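Along the sequence shown, the residues carry numbers beginning at 1. Small disclaimer: the values here were computed from a predicted structure and weren't measured.
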Amino acid sequence: MESTSSIVLDFVFDPAKWPRAQMEEDFLKLSQTFNAMRSVVRVPALDPKYKIAVLASKQDHCLVDLLHGWQDGRLPVDITCVISNHHRASNTHVIRFLERHGIPYHCLSTTKEDKREGEILELVQNTNFLILARYMQILSRNFLRSYGNDVINIHHGLLPSFKGGHPSKQAFEAGVKLIGATSHFVTEELDEGPIIEQMVERVSHRDNLQSFVQKSENLEKQCLRSAIRSYCELRVLPYEEKKTVVF
């Protein structure tokens, strides 16, 4: 039986004693010695931030949280653009923020027959990974294979429960006592990708639908933000196709 194992090393880096180029060469030799499938070395203070694009639909809460996290330096990424299938007026908070910071906004209206995936691929060519911040469109197998990099999604619940367009209403009507959010990698199987992060919060009969939705959206923001940070810090290791180890 063939076994696999993963090793993550985190240490203090002194460029005077160990130049960045030499580090890359040394780790390459080490990975070849142990037949590693993939070896990634990053020095956050020296290496460029990950370039990402954010895809969003009508709901703003996850998108706004990512933009503010980027602005505050809490997320180690550079946002190259925001792509949406929903039109936002020029006086909205999101558009004003993007214009103020020089981040392009692309509105690509979609239909069942045309998801505009070819245009999206052109816009995200030079990104390291994609974020679906409540993007209510299914990415096709051809898109995922053509893009080739990771795509991270936020799901409004503890998978696989309450799928569909109105999960909060379903959960509220079911009288659940715990609500959750799941951030996971996007694969060709809908909502079946390896889970990166999950969060839960207790609700009760005292909650109305408005407070229920607000708690759910807060969880989604926190869960997605945590997953992105873990991914950028190389603390997420996929294995056995549908599982991950998060350090």
Quiz item: If we only count heavy atoms from C-beta on, is the L139 to Y147 side-chain gap below 4.5 Å?
Solution: no
Exercise. Could you grab the distance from atom CG of L28 to atom CD of Q32, nearest 0.5 Å is fine?
Key: 4.0 Å
Quiz prompt | Option from N153, V54, N85, V186 for which side-chain contact (heavy atoms from CB on, under 4.5 Å) with Y135 holds | solution = N85
Quiz item: In the single-linkage hydrophobic clustering (I, L, V, M, F, W, Y; side-chain heavy atoms under 4.5 Å), do M136 and L132 co-cluster?
Solution: no
Quiz item: Does any non-hydrogen side-chain atom of L55 lie less than 4.5 Å from one of Q137?
Solution: no
Sequence neighbours left out, cut at 3.5 Å: what donor-acceptor pairs do the side chains of residues 91-100 make with other protein atoms?
unit_1	atom_1	unit_2	atom_2	d
T92	OG1	A89	O	2.8
H93	NE2	H68	NE2	3.3
R96	NH1	N91	O	2.2

Quiz prompt | Heavy-atom pair of closest approach, residues S84 and S57 | solution = OG-O, 3.6 Å
Quiz item: Got more than 12 heavy atoms from elsewhere within 6.0 Å of NZ, K177?
Solution: yes
Quiz item: How close do M199 and S226 get, heavy atom to heavy atom, and via which atoms?
Solution: CE-CB, 3.8 Å
Quiz item: Is the count of non-hydrogen atoms from other residues, nucleotides or ligands lying under 6.0 Å from E201 atom CD greater than 12?
Solution: yes
Quiz item: Got T127 and I52 here, is their nearest side-chain heavy-atom distance under 4.5 Å?
Solution: no
Practice problem: Test side chain to side chain contact (heavy atoms under 4.5 Å, CB included) on H106 and I120 and set out the steps. | Solution: CA-CA 9 Å; H106 304 279; I120 295 174; over 6 Å; no
Quiz item: Any side-chain donor paired with an acceptor under 3.5 Å for R116 and T110?
Solution: no
Practice problem: Please examine the side chains of T182 and Q198, heavy atoms only from C-beta on, and report whether any two atoms are closer than 4.5 Å. | Solution: yes
Practice problem: Without swapping roles, check the side chain of S216 against the backbone of F212 for a donor-acceptor pair under 3.5 Å. | Solution: no
Quiz item: Would you say the side-chain atoms of S211 and D207 include a donor-acceptor pair closer than 3.5 Å?
Solution: yes
Quiz item: Would you say the side chain of E24 lies within less than 4.5 Å of the side chain of R20, judging by non-hydrogen atoms?
Solution: yes
Practice problem: Hey, can you tell me if Y50 and Y231 have their rings parallel, tilted or perpendicular (30° and 60° cut-offs)? | Solution: tilted
Quiz prompt | Atom pair CG/CG of D150 and L144 - distance to nearest 0.5 Å | solution = 10.5 Å
Quiz item: What is the minimum heavy-atom distance between C62 and A133, and which atoms define it?
Solution: CB-CB, 3.9 Å
Quiz item: Can you tell me if D65 uses its side chain to pair, donor with acceptor, with the backbone of H61 under 3.5 Å?
Solution: no
Exercise. Begin with the C-alpha distance, continue with both residues' side-chain angles, and end with the deciding distance and a verdict on side chain to side chain contact (heavy atoms under 4.5 Å, CB included) for R225 and R229.
Key: CA-CA 6 Å; R225 191 188 324 128; R229 189 181 299 113; 3.6 Å; yes
Practice problem: Check side-chain contact (heavy atoms from CB on, under 4.5 Å) between K51 and all other residues, then give those that pass, not counting sequence neighbours. | Solution: T80, N128
Exercise. Could you grab the distance from atom CG of D26 to atom CH2 of W18, nearest 0.5 Å is fine?
Key: 5.5 Å
Quiz item: In Å and rounded to the nearest 0.5 Å, what is the NZ to NE2 distance from K58 to H87?
Solution: 12.5 Å
Quiz item: Any donor and acceptor pair, going by atom type alone, linking the side chain of E117 with main-chain N or O of S140 inside 3.5 Å?
Solution: yes
Quiz item: With distance as the sole test, does S183 use its side chain to make a donor-acceptor pair with the main-chain N or O of A227 at under 3.5 Å?
Solution: no
Self-check item: Polar side-chain atom of R42 near backbone of P48 as donor-acceptor pair, under 3.5 Å
Solution: yes
Quiz item: Is a side-chain N or O of T244 found less than 3.5 angstrom from the main chain of L237, in a donor-acceptor match?
Solution: no
Self-check item: Working for side chain to side chain contact (heavy atoms under 4.5 Å, CB included), residues D60 and R88
Solution: CA-CA 10 Å; D60 282 341; R88 287 175 170 81; 2.6 Å; yes
Quiz item: CG/L75 to CG/L224 distance, rounded to the nearest 0.5 angstrom?
Solution: 8.5 Å
Quiz prompt | Pair E217 + K221: basic N to acidic O under 4.0 Å | solution = no
Quiz item: Given side chains that start at C-beta, do those of I83 and V124 come closer than 4.5 Å, heavy atoms only?
Solution: yes
Quiz item: About how many Å separate CD1 of I131 and CD1 of I228, when rounded to the nearest 0.5 Å?
Solution: 3.5 Å
Quiz item: Within a radius of less than 6.0 Å around CG of D72, do more than 12 heavy atoms belonging to other residues, nucleotides or ligands occur?
Solution: yes
Quiz item: Any side-chain heavy atom of R134 sitting closer than 4.5 Å to one from L63?
Solution: no
